Every structure is written in structure tokens, then in C-alpha cells.
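Contents: one structure, followed by commentary.
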Protein chains: 2
Amino acid sequence: MVTLAEVAQHAGVSASTVSYVLSGKRSISTTTRQRVEQSIRELGYHPNAGARALAGKRSNIIALMIPLRTDMYVPVMMEIAIAVATTARTHGYDVLLLTGEEGPDAVRRVTGSGLADAMILMDVELEDERLPLLRRTGQPSVLIGLPADTDGLTCVDLDWTATGALCVEHLAGLGHRDIAVIGEAPAVYERHTGFAERTLDGLRTRARETGVRVLHRPCDGGYDAMAVTLARILDERPATTGFVVQNESAVEPLLALLRQQGRAVPEDVSVVAICPDQVAVQASVRLTSVAVPAQEMGRYAVEHLVAKLDGRGGDDLVLIAPELTVRASSGPAPAAS
Amino acid sequence: MVTLAEVAQHAGVSASTVSYVLSGKRSISTTTRQRVEQSIRELGYHPNAGARALAGKRSNIIALMIPLRTDMYVPVMMEIAIAVATTARTHGYDVLLLTGEEGPDAVRRVTGSGLADAMILMDVELEDERLPLLRRTGQPSVLIGLPADTDGLTCVDLDWTATGALCVEHLAGLGHRDIAVIGEAPAVYERHTGFAERTLDGLRTRARETGVRVLHRPCDGGYDAMAVTLARILDERPATTGFVVQNESAVEPLLALLRQQGRAVPEDVSVVAICPDQVAVQASVRLTSVAVPAQEMGRYAVEHLVAKLDGRGGDDLVLIAPELTVRASSGPAPAAS
DNA sequence: ATGAAAGCGCTAACAA
DNA sequence: TTGTTAGCGCTTTCAT
């Protein structure tokens, strides 16, 4: 294993000079710098991460806590994780992958051990049990998702309330008066995941304002669950002509079932999805949708964290404005029969 | 920040004693151990990761390289990643998330810096450019996926050749004589991803043996691409009655298209999928499928790595035997018309 | 069964 | 512009 001392000797300079060449924290004459860089290359030197962390008091690692469950939004999680990892690298950070399994203990462990300099939490719940600890320790962190109380925290998220409102607005504008919302799995609501509840809020508020009726039904993914849910909806509200779907694994089943029942999209019923663009485009009907900006959230989280670690920027609350893209699944409400 | 020295002082013992209580590497009297453990709890001590890595020469971190692309098997990747992370924790390891982006450089960086003790590579290509380096450095590692030459490497994978064979066998056994294979995106074959080519091998070999005709067509995901692909297949081989699908995002489109054309599943055509069980069960027709054992692969990779790091076990090649579950999408071939 | 002390490889004052 | 040196917090011989 090549050490800094060996590089120094090889280049005929002191250890600190090599260190400073690496960190750029003081000016070095061009000739020295080049000799050192040459030696580094020749010897194949890589600074030891442990020593660096110990002496420099920063590990250059960002911890990313992802949810253990995979009952929702797997592609979104993955996209965020990849965006976090690549963005982190461009800033010289590596990413430590933590699952929610350990819960608050993971926060304690990572903070206490100096394993990571900062952390990003995904799948934040409204009353998340990790938050008190985060606030208390002052650990630099960014939440992806919004808890009930954001005081003293930095959060990034899609503006779900606006997203819900936007969906209703679009359908209402097309003349739909009875809208059904096909939501995430019941478990998601039971654990008070912020985005699900906020979306619902937005949906309902704007519905009230526009005089539209909204029926919300959670739905486990898959064809069978969707069949049951759809049957119930049409039973309770036969006049339903608009659907908002916030559940990736219900999208295609819904379309299949509507087709099967002879309800044409968008002639008879309109469908608006809340999902990544890729899903919307690949569906059997190109879906009018509000995109979940996964990459943007991941990138932003890292950049904010890096700024914090560099002493720039403080707490912040970033709500990304939703964008609705009109595709082939929504159109004017059919004339009332 | 609480240090080991502070714990030692608080407990009235020496630093080494605290260290040994933590590592269990030498016997400690019960009373001392209890005093030390008490102090650790009272002070909220967490060993510093950097110092530990520096002095102990192991970081207790396993690096996981995931592919950057998300053109295939996102849920599988995610499941593997989560299985790796949770299994690693049960063995006292943390997981560093690397994307393929850096390529071989990442291997060099992680190895050289002592950031991780070992690595797991996903999405291994037949002639993967990271392998020479891995072999040369002797870095403890496990590949998930099989390269062309496995010499000196440890690999885990589903036995894709057997998987392909099994699918043909099942359909042939049901009397199907013309089988179409709907594969991954063309790009997957172009970069010679091992599993895709091996599956094809298994498919073709067994087809030859059972006197069945096989037509293979790569397919980008989504409805439109699937429509084009299906049209071509039925054009070239109108007698096709069996389908093997190895592309998650083509599954539902295929089913929808078949339905649309009035071809009943499984009465007119049979479909066998290669996908996670969850996908097979949630599809609009419960799919006969060969499962991709994602969790098992992740868990095995970690366990093998831990064994290696503990000086137990060496190189190894584990091919997980495929299992085909018969569900509602396959049945006897219709009588020839 | 326990302690004392020498590093592990690096960073960052402090000097020159 | 460069060198010298004192740690960072831990593990692990070597002693006792």
C-alpha cells in the first residue's frame, strides 16, 4: 500500500506538501506540484480514507436512508438513489446506503461514529421518529419528503398539494364533475406518509373550489385489487368520468379494466396519472400525467448538503412546482347522459 | 464527541481494556466488562469509524456497484440492493453505493483508499472491463452475474441457461411448436450482458432438442414498441402459440395486445415470463413464470464476502437453479388449424 | 486479567 | 513557497 510519506520521499518533498497538493489548501509552485503529481501517478497512490477521516474530521461520505418497503414507487426510489450517488461523486462524496430497518438507531450510529458527514432521508413520515434526533444533534441533513413540522430542517419535495390541485383543475377544466382518485396502498395512508395525505388535501380543496365531487380509494397494486376497487367506485359513483391515479402498479390494470368494460379513454373517461414520465409514456395509452421529478430531488438534496457542509446556505424548504403534461388519456367530459 | 479514552477514564480502566471489551478479542472479567459497558451507555459512546479503519486496517464497509442505466430490471436491482444492505448490517458491515459511472476507476479508488473491504458488482458484462483489475488486485469481491471467464472470481447468478431451457421445456411439454421470445431492449444484447445471452442459449439449445422453433426479438419496453414487435413476430411466424417474455416492461403491453387481437390466454396462446414473482402475480393474467431470486442473490453475495473476509471460503461459482411456477397464463397448445 | 505505549496515514497549525 | 511536528481515536503488541 502506497502512503503519502512514500510519495513525499519519491518526489523529494515533505509530507505536508503532498497533502497540500492534494487538497489545494495552499499555493504550491508549479514545478513542485508537477513533481508530486508525477510521483502520485507513478506510485499509484490513493489517499487512505480512514486516515483522512480521522485527521480531517470529515469522511466525505453522505448517508442515504432508503425505505425498506417496496410497496411503492420503486422506480422513483431507484432514480433518486442513482441521482444522489452520481451527484455526490461530482462533489467528491461517496454514498452510504442505509435501509430504514435500523430506524433512529442508524442516525445515531452514523452521527456518532463519524461514518458520514451528512444524511439524506427518504420516505419521511409526517411524525417521523428520526426527526427529534436529527434536530437535537444538528446533523447536517436533507429530507426528501415533508414531515408535519419542518422547523429547523431542510426538505425537498414535489409540491404534492399543488399536484393534487393541478390534477383536479385539469379534469374540471375539461368538464368532468365526478372524479375518482385511485391512491396508494392502504398501508401507505396508515403510516401517514406525507406525500399521500398532501396530495389528497390538494385534490379535495381544489375540488371544493371548482364544485367537483371527489371519491378517494386506496388501492393495493395489481390487477385483482384494481378490479375490486374500480367496481366499488363505479358502484358508488356511476357518473364518474375522471380518474386520478397515484399508484404506479395500478395504472396499467386500470387501463386494461376500462378497456374491458368498453369505456374508451379519453372519449368516455379521462385518466390523469401521478408517476414518472417513463411510466406515463410506456403505458398502453400515453398518459396525461404529473411527473415525479426524482432526479431533480436527488440532485438538489446533495447540492444543498454540500453547501451546508461548506458552510454556505442553511435550512430551507424547497417545494418543486408540479408540471402536468397533457397526453392521450384526458379529454372533454362526455355529454351528460 | 465521546472517545474511547473518555470511556476508559469514566470506567476507571485503560483504553485497551475498553477496546477489548468492544472487540471481544481477549477475556475480560465480568465486573470490568459490566463497568465498561455501563460507561459506554452512560456517555453514549460510538467508536469512530475513521480511527477504527486506520488502526484496524478494515473499514467494515462493502461497496456495491449498481448499474447506472435503468433500462432493465429496476425492481430486481432494488431488491438486490436492499437485500445486500440488510444482510450486510447483520454482519456488522455498512454498504457503500457506487454507480457504474466511474467504471474501473471506482474499483481502483475503493481498493486503493481502503474505503471498502470488499465489493459486490452487479450487471456484469461478458467481457467486463473491471475484471482484470479485480483479478490483479485480489480484492475480495463477488459478482452478481456471470462473465465469460469466471476464473479466479466468485460469482452468483440465476442459472439463466437452465432458465431458458426450462421455459422451452414447459411450453414444448404443452405441445407448443412455435415459440417467440420477447427479449430485453436491443441495447442489452449489444453490450453483451451475460444473462441475456445465456438465456437465449438455453432457449435455443432446448428448442433444438425438443424440435421446437424459436424466434427471438429484442424489445424496448412499453406498449408501442411491443405492438411493433408483436406484429413482426406474427407476420414471420403466424403459427406462434407460445411466448417467453424476458422484459418486465413488455409483459403488460403484450397481454393487452393479445387481448385486443382476440387471442385468449392461455386458450389460444401461452405466455411464460421471466420476472420477479410480484410482477407475475400482479399482472392482468397471473403469469406462469420463472422467478428472479433477487433477495437470495444479494444475501448470498454478502455472506460469501463476509466468509472471505474472515478467511473462510474461497472462490466459488453459485448458479441458482431456476424454478418455474405454473399459473394461469400457460396451457395446452390449441389443436393445429 | 489488565495496562502502557507504539503506531496506523493523514491534516493543519506553527515555523521558517 | 515549503518543512516540521503534534495530534486525530483506535488497535495491538509487549509487559506485568
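Sequence lines set the chain letters: A, B, ... in the order given, protein chains first and strands last, and positions in each chain run from 1. Predicted, not measured: the structure shown is a model, and the values here were computed from it.
The distance from atom OH of Tyr20(B) to atom P of dT12(D) is 7 Å, rounded to the nearest whole Å. To the nearest angstrom, C1' of dG7(C) lies 9 Å from CG of Leu54(B). In this structure, the CG atom of Leu22(A) is 11 Å from the C1' atom of dT11(C), given to the nearest Å. Atom NZ in Lys25(B) sits about 8 Å away from atom P in dT11(D), given to the nearest Å. Here the P atom of nucleotide dC8(C) and the CG atom of Leu4(B) are 19 Å apart, to the nearest Å. Here the P atom of nucleotide dC10(C) and the NZ atom of Lys57(A) are 16 Å apart, to the nearest Å. Taking atom CG of Leu115(B) as the reference point, atom P of dC10(C) lies 13 Å away to the nearest angstrom. Between the P atom of dC10(D) and the CZ atom of Arg58(B) lies a distance of 18 Å, rounded to the nearest Å.
Closest to the Asn48(B) side chain, of the nucleotides dC10(D), dT1(D), dA12(C), is dC10(D). The side chain of Thr32(B) lies closest to dT2(C), out of dG9(D), dG3(C), dT2(C).
Using a 4.0 Å heavy-atom cutoff across all strands shown, Ser29(A) reaches sugar-phosphate atoms only and no base atom. Within the 4.0 angstrom heavy-atom criterion, no nucleotide atom of any strand lies near Ser23(A).
Between Ser14(B) and dG3(C), a side-chain N or O to OP1/OP2 separation shorter than 4.0 Å is present. Look at Arg52(B) and you'll find a side-chain N or O under 4.0 angstrom from OP1 or OP2 of dT11(D).
Residues Met65(A) and Ile120(A) form no side-chain contact, since every pair of their non-hydrogen atoms from C-beta on lies 4.5 Å or further apart.
One can find a donor-acceptor pair under 3.5 Å joining the base of dT4(D) and the side-chain atoms of Ser16(A). You'll find a donor-acceptor pair under 3.5 Å spanning the side chain of Arg26(A) and the base of dT2(D), going by distance alone.
The line from OG1 of Thr193(A) to CG of Leu126(A) is 7.5 Å long, rounded to the nearest 0.5 Å. With values rounded to the nearest 0.5 angstrom, Ile66(A) atom CD1 is found 7.0 Å from Thr99(A) atom OG1.
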**OP:** Apply side chain to side chain donor-acceptor pair (under 3.5 Å) to Ser59(A) and Asp117(A), showing your working.
**Re:** CA-CA 6 Å; Ser59(A) 62; Asp117(A) 298 329; 3.2 Å; yes
Original post:
Hey, mind stepping through Arg35(A) and Gln38(A) against side chain to side chain donor-acceptor pair (under 3.5 Å) and telling me if it holds?
Top reply: CA-CA 5 Å; Arg35(A) 268 223 314 297; Gln38(A) 173 70 14; over 6 Å; no
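With the nearest nucleotide of DNA chain C identified for both Gly56(A) and Thr17(B), Thr17(B) has the one nearer the 5' end.
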